Trainee: 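The structure's right below; bear with me while I get my questions together.
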Amino acid sequence: MRAWLPDARGHRRLFSALSIDTLGTGLFLPFSILYFTATTDLTLGRVGLALSIAALVRIPATAGAGMFCDRFGARSTVIVSNLTQAVGFFNYLFVGSFGHLLITAVVVQLGNSAFWVAYPALVHDVAEGKQQESWFALITTLRHAGLGVGALGASLAVAIGGVNGYTTIVAVNALSFTVAAILTRLDSSSGGAHAISVSGTTAKGGWASTLRDRPFLGFVGLNFGLALLSLAFGLAVPVFLVDTVHLPPWIPGTVLAVNAVLGAVGATPVSAALTGHRRWSSLMASQAIVGGAFIAVLCCAYVPSALSICCALAAVVLVTVGELIQSLIVSPIVNDCATATSRGRYNSLSQMAFSIGDVVTPALMTMLLARGPAATWIPMAALALVDMLGIALLAGHLPAMRRRINHPSLTELDGP
């Protein structure tokens, strides 16, 4: 078998679970706000306020999910997260007041937080700690495909069914999480054995030992920089291209579509291309690529419209490649920094950086966009350079960053 291909035999149920989960998310995501304005008497402002408050719950919930994962195992945590989200989305069907929306949105965020903490740990368990990048590549392909198909299905449902289409989307999404939980439970993999062994063990040292791992805390800070750049592109670039550069209104949709398609088809080729390279050097390359993407976005403001469209498309290709590299490398690094009884807490700290990014990025990018193109995108490109410096400094202190990508053995590491 080629080095960049995982031995995925016996895990069809798990792959199906992750695909179905994402299919449901893809159905609901494009209409996550419109659903409530179309099916309730709540104003847009009230809906946005409830969802924003619920999103803040993710920060403490992520820490709790890490403890739960270490106590009961990654597989059990993923199953509970799916069932929790199923309950939340099922209750979305009956939302009629601000309070009800807030409570159900909090339930959904609790489940979502738990999933993103346990999912990387479950992949580690299923892969038995080997060739993790190839596993994440394969699952990334399936998840992007599920999101794309789900988004298309949602558009058709709304176009054909109107308000009934919105209701159908939410019901199917709730069902998808239920099915995903069942399939994850039925999957035959070594992850189940790991979950059983961990479930009877109390992680030694708890949070105190995790928070004493200073090199890893530095990596968490680096993750915040990676998250900020990724979120800034998706959030601010579509607005910038239409409102500042005055490109046609179809451009943002095209940019996001290119991002989705490249994410679906590019993960495995990127994994193959990186096989054998050091994680830290590949992560540095990802930041160089992302920095180039922001320079391309900046150029959109200073060239003719036809060239602006070309720059925008070049930017989305670059940022997608950079994000794919990050997505394949970051979780394996986090997993390998931890032990079997602390992997949940380590992943929760990593995910917390992204949760904080979700809160900070909208306000930051809104402020920067008001100050003009250079004031918006030059700091983003500079942050990519800072990330590169951070990666170079941390590589000497984190052996997990010096391992080779898709290497079949855990014993090979360090070296120059």
Side-chain angles (χ1 to χ4, degrees), residues 29-30 32-34 37 43-60 62 105 109 113 218 220-249 251-256 259 286-303 305 308-309 311-316 318-320 322-323 326 350-390:
L29 195 60
S32 54
I33 294 178
L34 290 174
T37 59
T43 65
L44 182 62
R46 299 279 283 175
V47 171
L49 177 61
L51 296 180
S52 295
I53 294 173
L56 288 173
V57 174
R58 288 189 62 179
I59 296 175
T62 298
Q109 289 293 352
S113 298
V220 171
L222 174 66
N223 268 357
F224 177 74
L226 303 181
L228 186 61
L229 292 180
S230 180
L231 293 166
F233 191 93
L235 180 71
V237 167
V239 177
F240 173 75
L241 293 178
V242 174
D243 291 351
T244 302
V245 184
H246 305 297
L247 292 181
I251 286 294
T254 302
V255 165
L256 295 177
N259 178 262
S286 78
Q287 292 310 283
I289 293 169
V290 170
F294 284 112
I295 296 300
V297 172
L298 176 63
C299 290
C300 292
Y302 303 106
V303 298
S305 294
S308 291
I309 294 174
C311 287
L313 293 175
V316 73
L318 290 172
V319 83
T320 304
E323 289 176 344
Q326 291 170 207
S350 178
Q351 289 301 319
M352 209 174 294
F354 284 83
S355 297
I356 295 172
D358 280 331
V359 175
V360 172
T361 305
L364 174 65
M365 296 313 298
T366 300
M367 179 185 70
L368 292 178
L369 283 169
R371 297 176 180 271
T376 304
W377 304 118
I378 290 178
M380 295 296 103
L383 179 56
L385 290 176
V386 172
D387 287 345
M388 292 175 67
L389 176 61

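Count residues from 1 along the sequence. The structure displayed is predicted, hence computed values, not measured ones.
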Trainee: Roughly how far, to the nearest 0.5 Å, is the OG1 atom of T43 from the CG atom of L49?
Mentor: 9.0 Å

Trainee: Got a second to check how far S52's OG is from D358's CG, nearest 0.5 Å?
Mentor: 11.0 Å

Trainee: With heavy-atom distances below 4.5 Å as the criterion, would you say the side chains of F294 and P379 are in contact?
Mentor: no

Trainee: Are the side chain of S308 and the backbone N or O of V303 linked by a donor-acceptor pair below 3.5 Å?
Mentor: yes

Trainee: Before giving the answer on side chain to side chain contact (heavy atoms under 4.5 Å, CB included), spell out for I33 and L44 the whole-Å C-alpha distance, their side-chain angles and the decisive distance to 0.1 Å.
Mentor: CA-CA 8 Å; I33 294 178; L44 182 62; 3.4 Å; yes

Trainee: For the residue pair Q326 and V290, establish whether any side-chain heavy-atom pair is separated by less than 4.5 Å.
Mentor: yes

Trainee: How long is the span from the CG atom in L364 to the OG1 atom in T376, to the nearest 0.5 Å?
Mentor: 9.5 Å

Trainee: Give, for atom CD of Q109 and atom OG of S355, the distance between the pair rounded to the nearest 0.5 Å.
Mentor: 8.5 Å

Trainee: Got a donor-acceptor contact below 3.5 angstrom from the T62 side chain to the M352 backbone?
Mentor: no

Trainee: Show me the side-chain donor-acceptor pairs of residues 222-231 shorter than 3.5 Å, one per line, residues at least two apart or across chains.
Mentor:
unit_1, atom_1, unit_2, atom_2, d
N223, ND2, S350, OG, 2.7
S230, OG, E323, OE2, 2.8

Trainee: Could you work out, with salt bridge (Lys or Arg N to Asp or Glu O under 4.0 Å) as the rule, every residue matching R46, not counting sequence neighbours?
Mentor: none

Trainee: Roughly how far, to the nearest 0.5 Å, is the CZ atom of F233 from the CZ atom of F240?
Mentor: 11.0 Å

Trainee: Nearest 0.5 angstrom please: L385 CG to Q287 CD, how far?
Mentor: 9.5 Å

